[in-house]
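Notes for the one structure printed next.
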Amino acid sequence: MKAFAISSSLLALKSLNFNHTRNRISNNPFLFSNKTLFFRQIHSSPSPIMAASSINSELARSPPAIPLPTPPLTNFKIGLCQLSVTSDKDKNIAHARTAIQDAAAKGAKLILLPEIWNSPYSNDSFPVYAEDIDAGGDASPSTAMLSELSSLLKITIVGGSIPERSGDRLYNTCCVFGTDGKLKAKHRKIHLFDIDIPGKITFIESLTLTAGDTPTIVDTEVGRIGIGICYDIRFPELAMIYAARGAHLLCYPGAFNMTTGPLHWELLQRARATDNQLYVATCSPARDTTGGYVAWGHSTLVGPFGEVLATTEHEETTIIAEIDYSILEQRRTNLPVTKQRRGDLYQLVDLQRLNSN
């Protein structure tokens, strides 16, 4: 009741002040003999957006943010292959091959696969299914297939993730292949999935996996892409670093579970897209209720206003959706947050860029 009374009083006060001002204007021909002039003067003053954009926001990013580059393509189709995963690695590779070919046949120029698509998702499986990506060939049949298809079909593939063996360490690794079949980037999951929700789910990736230590952003034939894997999406700082490096799109292969999936999966995607005013694409394995780890599914494409452009349920499927980079600048003009950051109050530091300079 008090809040209502205060609000009503403020409303009455505003009305009184407006009427008082209007009466002064009407009754003072010396100051305002032309009421049209008065309103014209109001409308010619700087808009709130113009005033806010005069703030020096460059200090909010260190080093300063890179302007959004012109992408090689403005419009293209993306394919999100939500695959069923089995304990048979050769079958998983053959199945992924077919899904990629089908997506390319439907016009996809960029194809995203799920997290850990060639192996069951378990600490017991990671060492058994791990591949030596750097050695390639027979030592990494999963990435050999991705390299072959990207060249053959002239597409860009963000290859989900597979367990990688490097020396005596294991990583959860995403490989990006260009249209020439060459490996353009390799992202090792930075934030490991170590959680304990009593009575729901406990999983400790760090029992077998080592965390990566490098943010990964790559220029491709379909634009500049920042890469994260599953749990990486929970950390807005990584996405902000990618945005400051000029990313058009963030890709997160992920396998959220039946506890965190319904709570956070879509929420986090929309948050990363909205915060950074860019596209976010995710790809999950299909749900297998007989497996030791049950994935949520719901692979999704989100636009730069946080709008869900395409999604699905938990069954195996491939989403084909369109990306239009021309709206990125439009959205950033509509909501010019990049020009309104308060560099005098906070700062995001990209240590990798800073140290390289």
Side-chain angles (χ1 to χ4, degrees), residues 68-85 92-115 117-118 142-161 174-185 218-227 247-254 266 269 273 278-286 297-305 307-331:
L68 194 67
T70 301
L73 288 177
T74 301
N75 295 80
F76 64 92
K77 290 180 180 179
I78 183 173
L80 310 177
C81 299
Q82 185 164 288
L83 303 173
S84 295
V85 179
N92 293 335
I93 294 173
H95 193 51
R97 174 189 289 272
T98 300
I100 292 170
Q101 291 171 327
D102 289 347
K106 294 175 181 176
K109 294 298 183 183
L110 170 64
I111 293 175
L112 177 60
L113 298 185
E115 180 184 24
W117 58 267
N118 71 343
S142 300
T143 60
M145 180 272 291
L146 299 179
S147 173
E148 175 194 347
L149 285 189
S150 62
S151 175
L152 180 66
L153 302 173
K154 301 303 177 188
I155 56 175
T156 300
I157 298 177
V158 177
S161 76
C174 175
C175 294
V176 181
F177 290 91
T179 56
D180 57 1
K182 293 181 179 179
L183 180 65
K184 298 182 74 69
V218 55
D219 285 317
T220 74
E221 290 80 357
V222 289
R224 185 169 293 178
I225 302 175
I227 306 293
H248 302 100
L249 165 69
L250 305 183
C251 286
Y252 293 96
E266 181 181 304
Q269 296 174 62
L278 40 63
Y279 282 91
V280 169
T282 63
C283 191
S284 167
H298 294 79
S299 302
T300 302
L301 176 67
V302 180
F305 249 21
E307 70 277 33
V308 174
L309 298 174
T311 190
T312 186
E313 295 295 326
H314 61 270
E315 301 89 355
E316 179 173 271
T317 189
T318 294
I319 298 172
I320 304 294
E322 186 168 322
I323 286 178
D324 180 5
Y325 287 147
S326 69
I327 68 171
L328 292 179
E329 291 291 359
Q330 176 187 339
R331 295 311 188 201

The residue among Cys174, Cys251, Cys81 that forms side-chain contact (heavy atoms from CB on, under 4.5 Å) with Leu112 is Cys251

Got a second to check how far Ser142's OG is from Met145's CE, nearest 0.5 Å? 6.5 Å

Stepwise, does the side chain to side chain contact (heavy atoms under 4.5 Å, CB included) test hold for Ile157 with Ile100? CA-CA 9 Å; Ile157 298 177; Ile100 292 170; 4.2 Å; yes

Sub-3.5 Å donor-acceptor pair from the side chain of Tyr279 to the main-chain atoms of Asp324, do we have one? yes

Treating His248 as the side-chain partner and Pro69 as the backbone partner, does any N or O pair qualify as donor plus acceptor under 3.5 Å? yes

Hey, does the side chain of Thr300 reach the backbone of His298 with a donor-acceptor pair shorter than 3.5 angstrom? yes

Can any side-chain N or O of Ser284 pair as donor or acceptor with the backbone N or O of Ser299 at less than 3.5 Å? no

Worked check of salt bridge (Lys or Arg N to Asp or Glu O under 4.0 Å) between Glu148 and Arg97: CA-CA 10 Å; Glu148 175 194 347; Arg97 174 189 289 272; 3.0 Å; yes

Are the side chain of Ser150 and the backbone N or O of Gly178 linked by a donor-acceptor pair below 3.5 Å? yes

Shortest non-hydrogen contact from Thr318 to Ala103? CG2-CB, 4.0 Å

Let me see the working for Phe177 and Thr143 under side chain to side chain contact (heavy atoms under 4.5 Å, CB included), right down to the final yes or no. CA-CA 9 Å; Phe177 290 91; Thr143 60; 3.9 Å; yes

Would you say that Gln82 contacts Ile319 through its side chain, given a criterion of any heavy-atom pair below 4.5 Å between the two side chains? no

Does the side chain of Val176 come within less than 4.5 Å of Ile225's, by heavy atoms? no

Compare every heavy atom of Ala108 with every heavy atom of Gly79, then report the nearest pair and how far apart it is. N-CB, 3.7 Å

Sub-4.5 Å side-chain heavy-atom contact between Ser147 and Leu183: no

Heavy-atom closest contact (Leu301 atom, Ala321 atom, distance): CD2-CB, 3.7 Å

Which heavy atom in Gly254 sits nearest to a heavy atom in Pro285, and how many Å separate them? O-CD, 3.3 Å

Keeping the roles fixed (side chain from Tyr325, backbone from Val222), state whether a donor-acceptor pair exists under 3.5 Å. yes

Check: Glu316 side chain, Ala286 main-chain N or O, donor-acceptor pair, under 3.5 Å: no

Side chain to side chain donor-acceptor pair (under 3.5 Å) partner of Thr179, chosen from Glu221, Lys109, Lys154: Glu221

Looking only at non-hydrogen atoms, find the nearest pair between Ala247 and Leu68 and report the distance. O-CD1, 3.6 Å

Given Thr156, which partner from the list Ile111, Thr220, Ile78 fulfils the side-chain contact (heavy atoms from CB on, under 4.5 Å) test? Thr220

Shortest non-hydrogen contact between Leu153 and Gln101, atoms and distance: CD1-CA, 4.1 Å

Got Ile93 and Trp117 here, is their nearest side-chain heavy-atom distance under 4.5 Å? yes

Out of the candidates Leu83, Thr282, Leu80, only one should pair with Pro114 under the side-chain contact (heavy atoms from CB on, under 4.5 Å) rule; please name it. Leu83

